Asks: 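Structure in structure tokens, see below.
As the structure lists them, so they are numbered: ligands from 1, and atoms in each ligand from 1. Every value quoted in this text rests on a predicted model; they were computed, and no experiment measured them.
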Amino acid sequence: MSEDAFPYTVTPEVWDRPLSAAMQRQADTRPFSRPEENPLFTNFKYTPLVGFDYSDGDGTVSRRDPSKIIYENGQYYVWYTKRDTETPCLGMEGAKDATDTVASADWDLGEVWYATSKDGFVWEEQGVAVPRPPKPQVGWRAVCTPDILKWEGRFYLYYQAFTEPSGLRGDYCPIAVSHSDSPDGPWTPVDAEVIPTGKEGEWDQYAVHGPCMLVRDGKIYCYYKSAFNRPGCVWITMGLAISDDPLKPFEKHPLNPVLNSGHEVTLFPWKSGIAAMVLRDGPEHYTIQYAEDGVNFEIASIVEFGPNAAKFYTPDAFTDTGDGQGVTWGFGHFINAGTPDKQYSVLTRFDCDLRREPGDPAFKSTRVFHKPEF
Ligand code: AAL
């Protein structure tokens, strides 16, 4: 036993006998480290963004569900849902009173907008990227909750595409896609469901939400969430769909769902695998998890006060290096801003430290029994 390791070093014989459930979990999966020694642990710092106008908080303008942030042409880009309606939204429960101009949910009647920034703090809203297409095309009611993919030099926006007001039956929609040769557009929509809802009885039969696009092993990975999501019932798990053609239907993974918790879908390349930030819903909420194969996730750390709807600035999301470097900032949203009858959502910046090595050398400790290998 080395001096340095004392007193945390435990000899292998300790595991060579029947173990309690807690110690079995430890032996099987969990890194043995204090949080600060674990590179997949972080705290979060929030900073209000400059450049977004919310109409004095009267509930008619809402921004939420940001995409990953990318850096192109000397600036950062982000896409997000924007609702700009004459009146505040009614809420899911008011869906039967929704009209062509009155929204049910905060994201109903939403469109995909985008903004750019030189420094990541001060932003300039550039306008709509993907408007709602005419009825009856997929997405005519709302296009929202986008994510960006760069693939073979072209850009693809994936987003939820609604053909009914959210709340009528639930929050039911598939994922559709638009493409462009520039992050500034113009974007060409494909009038088809690129990730459709599942067949009757399948886990994702009602909704396919929140695309999170990555490139891995030469293929396009789309992590997404699904839920029964009827009014009054939210049950959320996450799946994976893979394709080698960004505009053709993706193939859903046979082991879906691959995460049993979380809400919005937040993943990034980490070493040779994929890490997932799993927040808000489910038995494993407020964890960061890791899967060497991108499919079989294990809990790596427990975090607090994580951002809702987080997406990271992820420089290696599409470069397929097989050696993910981690992430340090991104966008999330705060919901339920405003008064109860004038609710809207606000984009926020968060900073974190999910780099391969903890940022502060003082955090590094030799007192680690099982150096986490993520
Ligand atoms: C978000 C996401 C999806 C839902 C709605 C808009 O937090 O989970 O995008 O449909 O709320």
Side-chain angles (χ1 to χ4, degrees), residues 61-68 78-85 89-95 98 103-113 130 132 138-148 157-177 193 195-197 203-213 222-239 257 259 261-267 276-282 285 306-311 330-337 343-348 350:
V61 176
S62 189
R63 292 184 190 80
R64 54 182 294 149
D65 291 304
S67 70
K68 272 195 294 297
V78 68
W79 291 261
Y80 47 87
T81 306
K82 181 177 180 186
R83 175 177 60 79
D84 188 349
T85 44
C89 65
L90 301 169
M92 293 274 271
E93 48 303 332
S104 59
D106 192 20
W107 54 92
D108 184 31
L109 296 177
E111 300 190 306
V112 177
W113 282 58
V130 182
R132 288 182 289 132
V138 63
W140 67 265
R141 180 70 203 183
V143 285
C144 70
T145 320
D147 199 24
I148 186 77
L157 277 172
Y158 295 81
Y159 43 84
Q160 296 178 202
F162 285 91
T163 50
E164 65 182 32
S166 280
L168 266 193
R169 296 179 300 158
D171 194 22
Y172 299 172
C173 66
I175 287 174
V177 60
E193 302 176 359
I195 307 181
T197 52
W203 73 286
D204 57 354
Q205 77 177 82
Y206 297 113
V208 177
H209 285 174
C212 180
M213 312 305 299
C222 176
Y223 290 91
Y224 65 94
K225 87 160 151 68
S226 186
F228 286 98
N229 235 333
R230 298 188 189 95
C233 169
V234 178
W235 176 67
I236 289 184
T237 52
M238 313 259 169
L259 285 161
S261 300
H263 194 102
E264 293 91 358
V265 187
T266 311
L267 298 100
M277 195 155 80
V278 178
L279 305 183
R280 207 166 141 196
D281 288 324
H285 76 144
N308 282 337
K311 287 277 200 297
F331 268 23
H333 68 209
F334 290 115
I335 56 171
N336 298 347
Q343 293 201 341
Y344 63 104
S345 304
V346 178
L347 296 173
T348 180
F350 68 88

Asks: Could you list which atoms of ligand 1 come closer than 4.0 Å to a heavy atom of Glu264?
Replies: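 The list of qualifying atoms is 1 (C), 7 (O).
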Asks: Which of the numbered atoms in ligand 1 are under 4.0 angstrom from any heavy atom belonging to Thr145?
Replies: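 This gives 3 (C), 6 (C), 9 (O) as the contact atoms.
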Asks: What is the closest protein heavy atom to atom 8 (O) of ligand 1, and at what distance does it sit?
Replies: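 I find the closest protein heavy atom is Lys225 NZ, 2.8 Å.
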Asks: Just to confirm my output: which protein heavy-atom neighbour is closest to atom 4 (C) of ligand 1, and how far is it?
Replies: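 Heavy-atom neighbour on the protein nearest atom 4 (C) of ligand 1: Asp171 OD2, 3.3 Å.
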Asks: On the 0 to 90° scale, with breaks at 30° and 60°, tag the Tyr206-Tyr172 ring pair as parallel, tilted or perpendicular.
Replies: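 Geometry flag for Tyr172 against Tyr206: parallel rings.
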Asks: Which of the atoms of ligand 1 are close to Arg64, meaning less than 4.0 Å from one of its heavy atoms?
Replies: 1 (C), 7 (O), 11 (O)
Asks: Judging by distance only, is a nitrogen or oxygen of Arg280 under 3.5 angstrom from one on ligand 1?
Replies: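 By distance alone, the answer is no.
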Asks: When you compare the side chain of Gln160 with that of His209, does any pair of heavy atoms fall below 4.5 Å?
Replies: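 Side chain of His209 against side chain of Gln160, heavy atoms only: contact under 4.5 Å found.
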Asks: Which atoms from ligand 1 have a heavy atom of Gln160 less than 4.0 Å away?
Replies: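 Once the distances to Gln160 are compared, the set is 3 (C), 4 (C), 9 (O), 10 (O).
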Asks: In ligand 1, which numbered atoms sit nearer than 4.0 Å to a non-hydrogen atom of His263?
Replies: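 Counting from 1, the qualifying ligand atoms are 7 (O), 8 (O).
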Asks: Under a 4.0 Å N-O cut-off, is there an ion pair linking Asp108 with Arg83?
Replies: no
Asks: Do the side chains of Lys311 and Glu264 get close enough for a salt bridge, i.e. N-O under 4.0 angstrom?
Replies: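 Answer for the salt bridge query: no.
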Asks: Distance alone, cut at 3.5 Å: any donor-acceptor contact between the side chains of Thr237 and Trp203?
Replies: no
Asks: Mind checking whether Trp113 and Tyr159 have ring centres under 6.0 Å apart?
Replies: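 No, too far apart.
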